[in-house]
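A short worksheet on the structure shown next.
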Amino acid sequence: MLDIRLIREQPDEVRRRLAMRRSGAEAMVDQIAVGDGRRRAIIAEVEQLKSERNAASKQIGARKAKGEAAEDLLAGMKEMSDRIAALDRDLAEIEEAQRALLLSMPNLPHEACPAGAGAEDNPVVHQWGQPPVFAFPARDHVAIGNGLGLYDFEAAAKISGAGFVVFRGAAARLQRVLLGWLLDLHTREHGYTEIAPPYLVREGCMEGTGQLPKFREDMFGLESDGLFLAPTAEVPVTNLHREEILPLEALPIRYAAYTPCFRREAGSAGKLSRGLIRMHQFDKVELVQIVVPESSYHVLEELRRHAEVVLERLELPYRTIELCGGDLGFGAAKCYDLEVWAAGTGAWLEVSSCSNFEAFQARRMGLRFKDASGKNQPCHTLNGSGVALARLVVALLENGQQADGSVRLPPALHAAFGDEFLR
RNA sequence: GGACGGGUGGCAGAGUGGUUGAUUGCGGCGGUCUUGAAAACCGCUUUACCGAGAGGUAACGGGGGUUCGAAUCCCUCCCCGUCCGCCA
């Protein structure tokens, strides 16, 4: 959510920055400005009336306390109260409309956000490692998994439908080992506190992090209970401190959490949704930071490194791209994606997205801190995948595949997995 | 799921229709005293919105109602606790 004062005071700047998204969102600025003017006019009128009513009521109370008559003062009071009630209704209506508009308006991209319309315009800012070269035709993870009996998509379809998978044997163990390994890395070496949150969240949390109201159709919900399945641990974890005013000393807050993630992913098809690549349910370790505004861009770089280190330890070639204005997520001001090379699919797969939301989420969820001068102001929030498991496994399988059909795991996992190979 | 009891300021806890945004205690901040500290004493200590300012408005879990006026009365929803039931 943008600061209404910014829209009020610098509408041209807001329009210019929103236009960087090439989504037409800048058209909302005028609509909000008009509503803001109406809102303030009604407030001025109704608060004046309330002030008069309060003064009169006080006098009535004082007279009655002394046992005196107050009929003269009561005359016309009913009409005044009715007028106030009518204005209050108008005000509530317009405030609700304003809130709905503000909630569906995306964040301002960072000043230095790369120009571009879509994914093809995202600049590569960092690249690491060499794609493996095989002396045999490379297979994709579905073929490799079938050979080793790792993934049962048919059984998953039988019990849950398309877009789900059953992990068997070594695949299930690899999943479990990876989760522990990732959480240990981030908690022991990167200074995050481990959180195990609920997977079902209230609507208000989904609104706080920006999934709602705009992206309802992407989410799984339990209508009868008013709950949503978290599409990422970002939602429960960032909302941990919603509606709080944190003392300055509490910041920065660094949380790492594993959760399964549930997404509809409607309408996706093709090579990049085969096998494990695009699922309704997948595992992910997420990093979340709550920080003071001055440090958030520095922290974004740190966060990105925390995710990149994962891929380097696992010896997986990857590249880091910065999202251009047209590809930037709804709430992000700046975002890096980490894409790992998948040698069998022959594609770069997104395994992490590291974003600075500035005050966008904090304002939605009422997350503030008391600054050095004692003033309350919204925190900055960031999050990044550290990393998504399903695609990480795709890369491990496809890059580690051997001529005999087995998969060699990177040394970092040997001890925890108890073997050098998936076989 | 059932029964009962509760939701008031950072915490505890008063307040059952009228100058109550709210007694009091604790905690916190500032000060006096002290070589220093403690104790004692004094003052301050919620949040949001409107307003250039003076100032004003709102909030006692959420929403609605009664009334000139609601923390206080009524309705409704939510949440918490205890016990029972069920259960990993």
Side-chain angles (χ1 to χ4, degrees), chain A residues 1-10 32-103 196-208 212-213 221-228 236 239-251 253 260 359 362-379:
Chain A
M1 190 155 72
L2 299 183
D3 188 346
I4 183 65
R5 277 164 295 199
L6 183 70
I7 297 174
R8 189 184 297 155
E9 286 157 22
Q10 301 182 52
I32 287 177
V34 168
D36 185 52
R38 272 193 61 207
R39 171 177 166 269
R40 289 192 293 160
I42 294 173
I43 286 175
E45 185 179 355
V46 74
E47 289 194 351
Q48 173 64 33
L49 287 172
K50 282 179 178 176
S51 180
E52 289 168 19
R53 182 178 69 181
N54 286 347
S57 285
K58 259 184 190 180
Q59 285 186 45
I60 294 168
R63 289 250 199 113
K64 296 222 162 162
K66 283 189 269 178
E68 297 171 8
E71 275 64 36
D72 55 322
L73 291 172
L74 284 169
M77 290 296 282
K78 177 68 179 160
E79 288 67 29
M80 184 187 239
S81 277
D82 288 346
R83 172 73 182 142
I84 288 171
L87 285 169
D88 269 341
R89 272 192 294 276
D90 291 349
L91 185 61
E93 196 177 304
I94 194 167
E95 287 193 328
E96 196 189 325
Q98 284 293 95
R99 180 175 159 74
L101 279 173
L102 282 170
L103 283 177
Y199 306 155
L200 266 43
V201 298
R202 296 173 186 282
E203 182 155 357
C205 291
M206 296 287 276
E207 208 173 82
L212 293 182
L222 279 61
E223 224 170 284
S224 56
D225 298 283
L227 294 169
F228 289 84
N239 277 286
L240 237 35
H241 297 286
R242 76 197 323 272
E243 286 155 40
E244 287 184 17
I245 300 172
L246 300 166
L248 188 55
E249 315 84 74
L251 303 177
I253 289 172
R363 224 174 267 120
R364 288 172 160 246
M365 65 176 76
L367 167 59
R368 294 151 291 169
F369 74 102
K370 211 168 264 298
D371 69 19
S373 67
K375 222 176 117 236
N376 298 329
Q377 55 168 310
C379 303

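Bear in mind the structure is a predicted one, so any value in this text is a computation, not a measurement. In what follows, chains are A, B, ... by sequence order, proteins preceding strands, each numbered from 1.
Distance noted for atom C1' between B/rG43 and B/rU82: 43 Å (whole Å). Taking atom C1' in both B/rU19 and B/rC33, the straight-line distance is 38 Å, to the nearest Å. For the P atoms, the distance from B/rA59 to B/rU72 is 10 Å, rounded to whole Å. B/rG15 sits 13 Å from B/rG21 when the C1' atoms are compared, rounded to a whole Å.
Phosphate proximity of B/rA58 to A/Asn54: present, with a side-chain N or O under 4.0 Å from OP1 or OP2. Not one side-chain nitrogen or oxygen of A/Ser81 sits closer than 4.0 Å to the OP1 or OP2 atom of B/rU67. At the phosphate of B/rU57, OP1 or OP2 sits under 4.0 Å from a side-chain N or O atom of A/Ser51.
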Exercise. Under a cut-off of 3.5 Å for both distances of each Watson-Crick or G-U pair, what dot-bracket string does RNA chain B give, using [ ] for crossing pairs and | for inter-strand pairs?
Worked result: ((((((((.[[[..)..(.....]]]((((((.......))))))(((((....))))).[[[[[..)....]]]]])))))))....
Seminar exercise, completed: In 5'-to-3' order, the base (B), backbone-only (S) or no-contact (-) status of each nucleotide in nucleotides 70-81 of chain B, using a 4.0 angstrom heavy-atom cut-off, is ---------S--
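The separation between A/Ile60 atom CD1 and B/rU67 atom P is 14 Å, rounded to whole Å. Rounded to whole Å, atom P of B/rU67 lies 15 Å from atom CD1 of A/Ile84. To the nearest angstrom, C1' of B/rU57 lies 13 Å from CG of A/Leu87. Following rounding to the nearest Å, A/Gln48 (CD) and B/rA58 (P) show an atom-to-atom distance of 12 Å. Rounded to an integer number of Å, the gap from CD of A/Glu96 to P of B/rG62 is 17 Å. One interatomic measurement links the two molecules: CG of A/Leu74 to P of B/rC68, which rounds to 7 Å at whole-angstrom precision. We find that CE of A/Met80 is positioned 17 Å from P of B/rU67, with the value rounded to whole Å. One atom, CG of A/Asp88, and another, P of B/rG69, lie 12 Å apart when rounded to the nearest Å.
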For residues 73-81 of chain A, run the donor-acceptor check on the side chains, cut-off 3.5 Å, and write out each pair with its distance to 0.1 Å, sequence neighbours left out.
unit_1  : atom_1 : unit_2  : atom_2 : d
A/Ser81 : OG     : A/Arg53 : NH1    : 3.2

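A/Lys50 comes within 4.0 angstrom of the backbone, heavy atoms only, and of no base.
Annotation: salt bridge (Lys or Arg N to Asp or Glu O under 4.0 Å) contacts of A/Glu47 (sequence neighbours excluded): none.
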Please list, for nucleotides 49-55 of chain B, all pairs of protein and nucleotide N/O atoms separated by less than 3.5 Å.
unit_1 : atom_1 : unit_2  : atom_2 : d
B/rC49 : O3'    : A/Arg39 : NH2    : 3.1
B/rC49 : O2'    : A/Arg39 : NH2    : 3.3
B/rC50 : OP1    : A/Arg8  : NH2    : 3.1
B/rC50 : OP1    : A/Arg39 : NH1    : 3.3
B/rG51 : OP1    : A/Arg40 : NH1    : 2.8

Could you list all N or O pairs between the protein and nucleotides 44-48 of chain B that sit under 3.5 Å apart?
unit_1 : atom_1 : unit_2   : atom_2 : d
B/rU47 : OP1    : A/Lys370 : NZ     : 2.9
B/rU47 : OP1    : A/Asn376 : ND2    : 3.3
B/rU47 : O3'    : A/Arg368 : NH1    : 3.2
B/rA48 : OP1    : A/Arg368 : NH1    : 3.1

